[in-house]
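Structure, as structure tokens:
Just so we're on the same page: letters track the sequence lines, and every chain starts at 1. Everything quoted here is computed from the prediction, not taken from an experiment.
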Protein chains: 2
Amino acid sequence: MEEIIVCEKNCNHDDKAVCIAKGAMLPESDVQRLAEMFKILGDPTRIKILHALTGRELCVCDLAETIGMGQSAISHQLRMLKGYRLVKYRKEGKEVIYSLDDAHILGLLCMGLDHINHS
Amino acid sequence: MEEIIVCEKNCNHDDKAVCIAKGAMLPESDVQRLAEMFKILGDPTRIKILHALTGRELCVCDLAETIGMGQSAISHQLRMLKGYRLVKYRKEGKEVIYSLDDAHILGLLCMGLDHINHS
DNA sequence: CTAACGTATGAATATATATTCATTCGTTTG
DNA sequence: CAAACGAATGAATATATATTCATACGTTAG
């Protein structure tokens, strides 16, 4: 699956470890996308939004009140979540109603919850 | 499982949604710990370190060379990972050899990889 | 058409974060 | 004991990030 890269530099101690580790490295693009994805989940406000939207759809205003933050802050975060396809929206009159777009990400959230509870 | 909180404020539109959403909210402490945990995984360098240490132990120097970054940068990140019990170390002469301390977290990494690949 | 409402947005601010540099510490080796 | 090495650390810096404020936009109601 992963291509083997030969390590050029000769370090003083055990070369082999570095060579093997280098060869096993994730492609940079995967690393970046992974980090990006986890970073999105690494913010309390965004977690609250995603969790609030599980099994429910809510307009911006209600989200803001539910979470207890300003409308603008929520809107900015929704913009980001929208960008990563984690939420979608539908317009109804003046309201914009958000819901989850990616059920898959909930698995990560749940697994995260498991992790912080069982340890 | 979760205690129901009654919402006081009367918003113009549908109160019920907010009440229910508020009642279903995660405890603040859970939210914080979840976010904290994901934030740790939300950095390319830390992902590289954790991934490099899967199935292998490496000293700081080799980690730095494997990843292609300065010793100090790696050391700072290891400090953080150590703080969250994601890595452990053992000393061998002048070297400090790190390994994973929490195999559980690898599940999250893998699941993350699945997620970015199948979507 | 105008006012009111819900939302989006840009700028500003405060804060957090990662990396580098210089230095120190501890261990080993000559 | 002194020099060399690997690692840790603190300060400094650069950069990213979240939130607030003010305002603009679009829709609806009067």
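Of the candidate nucleotides dT9(C), dG6(D), dA8(C), dA8(C) has the atom nearest to the side chain of V60(A). When distances are taken from the side chain of R46(A) to each of dA7(D), dT17(D), dC5(C), the shortest belongs to dT17(D). For S75(A), taking side-chain heavy atoms from C-beta onward, the closest of the listed nucleotides dA8(D), dA8(C), dT28(C) is dA8(C). Considering only the side chain of T45(A), dT19(D) comes nearest among dA8(D), dT19(D), dA8(C). Checking dT19(D), dA18(D), dA7(D) against the side-chain heavy atoms of V96(B) singles out dA7(D) as nearest.
No chain of hydrophobic side-chain contacts below 4.5 Å, direct or via other Ile, Leu, Val, Met, Phe, Trp or Tyr residues, connects V18(A) to I97(B).
Between F38(B) and F38(A), the angle of the ring planes stays under 30°, which puts this pair in the parallel group of the 30/60° scheme.
The base of dT7(C) lies outside donor-acceptor range of the side chain of S72(A), with no N or O pair under 3.5 Å. No hydrogens or angles were tested; on distance alone, nothing pairs the side chain of H76(A) with the base of dT7(C) as donor and acceptor under 3.5 Å. Remark: the Q71(A) side chain and the dA8(C) base include a donor-acceptor N/O pair separated by less than 3.5 Å.
Look at Y98(A) and you won't find any side-chain N or O under 4.0 angstrom from OP1 or OP2 of dG6(C). Regarding contacts with the backbone of dA7(D), every side-chain N or O of R79(B) stays at 4.0 angstrom or more from both OP1 and OP2. Within the 4.0 Å cut-off from OP1 or OP2 of dT19(C), at least one side-chain nitrogen or oxygen of Q77(B) is found. Phosphate contact (OP1/OP2 of dT17(C), side-chain N/O of K39(B), threshold under 4.0 Å): present.
Under the 3.5 Å distance criterion, with hydrogens and angles disregarded, a donor-acceptor pair is assigned to the side chains of E28(B) and Q32(B).
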